[in-house]
Amino acid sequence: MSISKHYQPQKIENKIYKLWEKSGFLKTKISKNKKPFCIIMPPVNANGPLHIGHAVFVTLEDIMIRYQRMRQKNVLWLPGVDHAGFETQVVFEKELEKQGKTRFQIPPKKLYQMIFGFTQKNRKIVREQFKKLGASCDWSREKFTLEEGIIKIVYKTFKKLYKDGLVYRGKRIINWCPRHQTALSDLEIKHEIKKGKLWHIKYYLKSQKTNFQKQEKGSKNYIIVATTRPETMLGDTGIAVNPKDKRYKKFVGKTAILPLINREIPIVASNKVDVNFGTGAVKVTPACDVIDFEIAKEHHLKIIEIVGKDGKMKNVPPSYQGLTTLACREKIVKELQEKGYLEKAENYTHQISVCYKCKTPIEPLISEQWFVKIKPLAKAAMEAVEKGKIKFIPEYYKKIYFHWMKNIKDWNISRQIVWGIRIPIWYGIKNGKIKKIIVSEKKPKLPKGSDYLKKETDTFDTWFSSGQWPFAALGFPKNKDYKYFYPTSVMETGWDILFFWVARMIMLSLYVTGEVPFRYVFLHGLVRDKDRQKMSKSKGNVIDPLGVVNLYGADALRAALVFGTGAGKDIIISEEKIIGQKRFANKIWNASRFIFQQISSSKLKTQNIKLQFKIQNLTEADKKILNGLNEIIGSVTKDLDDFQFHNALQKIYQFFWHRFCDLYIEKSKKQLQEKALQEETLKILLYVLLQSIKLLHPFMPFLTEEIYQKLPIKNKQKCLMVESWPSQKPKI
RNA sequence: GGGCGCGUAGCUCAGUUGGUUAGAGCGCAUACUUGACGUGUAUGAGGUCCCCCGUUCAAAUCGGGGCGCGCCCACCA
């Protein structure tokens, strides 16, 4: 048995993965005698190559899966691929841009097919990359969010929501990205601090000048409003002040004249107005602002849509028509100034909403969209967590979850993009107006009283379908997998999608199945470099997981990602840290090599060593290492049960390197010289090695499997992967 | 404006119900080492556990206050 002096993962890892595939152990067979343990893999966005974040979740989930598999549970780790609607379309649009095209030039059907091809190509690549990381998932069960079966389930859910009155079509102010030309949910917008101006504009009163001045001596015949977006004044249909504001009491009920275009607008009172901000008087532009929209509803003000979906002015006098909002702003400010309407312009720093993808300022627009009435779903989702049916790791995320759930608002689930699941709606149209709404996947019969049917072209927010992933992927409601594995055991994902995904899964799964989707939510942090910087292509500090695997091996990468990183904390990774773990792998390799060499040069030379030894024959050193081993078997097992992966790995590292190698192996060199002790010592070396690689297997599966395959012991399983987890024995 | 988290060795972090001389990895210093491994071994330096007050026989750990840092949510025009 000659093995190389240094551990060379490149020579081993691919071979070992093939061994696992061939063994058939990756395929889950339901067995009623075992307890189920199931993780649904967060479906990967099929829109680009693997990044370090994927390596994190593959590592953590594979640790849990391998551990539970060795605990002899019936494990299922179900991989999936997400069409990732908007995200993927954005990536694809960038590709198109490179070719000098935009998506608006391509017919929707064609575009859909092009993106479909794009994702399927990526999907294959991702699968091979996950294998390189050692993911021991069941590839035969891999699911895609645009599969027929999945779409069917999503449609069923939508239908149920519609029937229960929990989904509705509404005309509302929504977040509109003028660049991507789609609505976005509240979660898909970010806030940016921007330096701007607060313009103070005089709105003169219409009221009979003379009379008014007689009544209120010395008072002005205009009201000053403050705004950061003067161009929206073209859509003003009112002015609002706080009813408690003494300064303006006399103005309420009067009429003002909109500067430049001389529209008459009423002055109304609303407690939505903050007395202390600006001048305390607000211009009301219902079509461009959420509060204004609400004030308009309260007071039945007119709504004039002045910004189009392309971000340009519409329904305005010809001189402004078609200008971008910014160009229009300049023009308006100039004219106000020239005509003396502009009181002043203050420098003002404020937050604006931007598209989370392209950072284009969001245009709040009035639009017809589909919303989920979310409060009832949120209520049930909070109760489930309150009752402990779902536990968060780390626990404090529970508080964040509750805080968000309590303040949740209706969820806009319609997107004006082609890449996604079409909302299964048909409209019966009469005289150009919607007469009837029919929920149906296929074209229904023309309803009575309608002239023709119109198909809804909007697609679902991608999170609407991925929010149903746990039960959809398992084949709700009839599939055996669903019946056996649902509710699943653990949902492991990044905290950054707690609201986007985890919360929605809990709400939708409870609503559809009546059960929680998973028992535990394990949240990992963001990967950062050694200077705590976020990894990004533009910063040039990205660590390419596959490059690392090629250089140092998947085991080293996996161990480095776990070492010193608690749940929920950001993961700091550097090449040095990975090299450190590569050294550990080498240490394990060489310890094994030493033991194998000792065996082949001893009289014990066989492939079938029985690992039994008599306690009375043991030396103090033997007992010490065996007791030490026992101790860490206990504590590592507990750590793994408690999701303390970093602690578990650190303990094994410490034990193997410093107690086993530095102390016991050194001692064994002397013991091996003594004939009476030789056989027992060899057995103990082998035994501790075997138990150690079992403990290490979830973390470093390739290396440990390779050593296991070489172990000259009796009663071996086909793979270490399915060996039984060590149990703690009484102290000797 | 509301909420969450963090502050322990030069760096990155453990420290699970309060309990000896506070730990790990990397880094650093010195020495050793041609038989598993220099990707190694041994020894060592390095800490007011952010500060103050309190609870306690006992506080890095629990409570209150302060300072500093990071993050999330939110319709101040």
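In what follows, chains carry the letters A, B, and so on, assigned in the order in which the sequence lines appear, proteins first and then strands, with residues in each chain numbered from 1.
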Test: [X] and [Y] ion pair at under 4.0 Å:
X	Y	result
A:Lys398	A:Glu386	no
A:Lys683	A:Glu679	yes
A:Lys710	A:Glu706	yes
A:Lys638	A:Asp642	yes
A:Glu231	A:Arg229	yes
A:Lys344	A:Glu346	yes
A:Lys272	A:Glu294	yes

Exercise for the section: Kindly assign one of parallel, tilted or perpendicular to the pair A:Tyr664 and A:Phe660, based on the angle between their ring planes and the thresholds 30° and 60°. Expected result: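 It falls in the parallel class, under 30°.
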Exercise for the section: Give me the ring orientation class for A:Phe656 and A:Phe584: parallel if the planes are under 30° apart, tilted from 30 to 60°, perpendicular past 60°. Expected result: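 Plane angle over 60°, so perpendicular.
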Handout entry: pi-stack flag for A:His6 and B:rC37, centroid dist under 5.5 Å, interplanar under 30°
Key = no
Exercise for the section: Would you indicate whether A:Lys624, at its atom NZ, is surrounded by more than 12 heavy atoms from other residues, nucleotides or ligands within a distance under 6.0 Å? Expected result: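 Not more than 12 within 6.0 Å, no.
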Dump every N/O contact between nucleotides 5-10 of chain B and the protein below 3.5 Å, one line per pair.
residue : atom : partner  : partner atom : Å
B:rG5   : OP1  : A:Lys399 : NZ           : 2.9

Practice task
Kindly compute the distance separating CD1 (A:Ile257) from CD1 (A:Ile265), expressed to the nearest 0.5 Å.
Solution key: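 Reported to 0.5 Å precision, the distance equals 8.5 Å.
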Exercise for the section: Report the distance from atom CD1 of A:Ile223 to atom CD1 of A:Ile201, rounding to the nearest 0.5 Å. Expected result: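 Result: 13.0 Å between the selected atoms.
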Practice task
Would you mind pulling out the nucleotide paired to B:rC69, Watson-Crick or G-U wobble, both distances under 3.5 Å?
Solution key: B:rG5
Problem - Complementary nucleotide of B:rG47, counting Watson-Crick and G-U pairs under 3.5 Å - result: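 Across any shown strand, B:rG47 pairs with none.
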Closest listed nucleotide, where the reference is the side chain of [X] and the choices are [options]:
X	options	answer
A:Gln351	B:rC76, B:rA74, B:rG15	B:rA74
A:Gln654	B:rA77, B:rA24, B:rA74	B:rA24
A:Tyr653	B:rG25, B:rC76, B:rA36	B:rG25

Interatomic distance where [atom1] belongs to [X] and [atom2] belongs to [N] [whole Å]:
X	N	atom1	atom2	result
A:Asn271	B:rC75	CG	C1'	14 Å
A:Asn242	B:rA77	CG	C1'	14 Å
A:Asn586	B:rA36	CG	C1'	10 Å
A:His646	B:rG15	NE2	C1'	9 Å

Practice task
Assign A:Gln581 to base, sugar-phosphate, or nothing according to its heavy-atom contacts below 4.0 angstrom with the strands shown.
Solution key: nothing
Exercise for the section: Assess whether one donor atom and one acceptor atom, taken from the side chain of A:Gln598 and the base of B:rA36, lie less than 3.5 Å apart. Expected result: no
Exercise for the section: Please evaluate the base of B:rA14 for a donor-acceptor partner in the side chain of A:Lys651 within a cut-off of under 3.5 Å? Expected result: no
Using atom names, set out every protein N or O paired with an N or O of nucleotides 41-43 of chain B below 3.5 Å, distance rounded to 0.1 Å.
residue : atom : partner  : partner atom : Å
B:rU41  : OP1  : A:Lys587 : NZ           : 3.2
B:rU41  : OP1  : A:Trp657 : NE1          : 2.5
B:rU41  : OP1  : A:Asp662 : OD1          : 2.9

Problem - Of residues 282-295 of chain A, the positions that come close to RNA chain B - non-hydrogen atoms, cut-off under 4.0 Å - result: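 Going residue by residue through residues 282-295 of chain A, the ones with a heavy atom under 4.0 Å of RNA chain B turn out to be A:Val282, A:Ile291.
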Handout entry: Proximity to RNA chain B (any heavy atom under 4.0 Å), residues of residues 558-565 of chain A only
Key = A:Phe563, A:Gly564
Considering only nitrogen or oxygen atoms on both sides, find all protein atoms under 3.5 Å from nucleotides 17-19 of chain B and state each distance.
none

Handout entry: Ring centers of A:Phe563, A:Tyr653 separated by less than 6.0 Å
Key =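 Centroid distance A:Phe563-A:Tyr653: below 6.0 Å, so yes.
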Show the atom names and distances, to 0.1 Å, of all donor-acceptor pairs under 3.5 Å that link a side chain in residues 275-291 of chain A to residues at least two apart or in another chain.
residue  : atom : partner  : partner atom : Å
A:Thr279 : OG1  : A:Ile224 : O            : 2.6
A:Thr279 : OG1  : A:Ala281 : N            : 3.3
A:Thr279 : OG1  : A:Ala281 : O            : 3.4
A:Lys283 : NZ   : A:Thr232 : OG1          : 2.6
A:Lys283 : NZ   : A:Asp236 : OD1          : 3.0
A:Lys283 : NZ   : A:Thr285 : OG1          : 2.9
A:Thr285 : OG1  : A:Asp236 : OD1          : 2.6
A:Asp289 : OD1  : A:Ile291 : N            : 2.9
A:Asp289 : OD1  : A:Asp292 : N            : 3.2

Handout entry: A:Lys406 vs B:rG2: side-chain N/O to OP1/OP2 distance below 4.0 Å
Key =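 No, no such contact exists.
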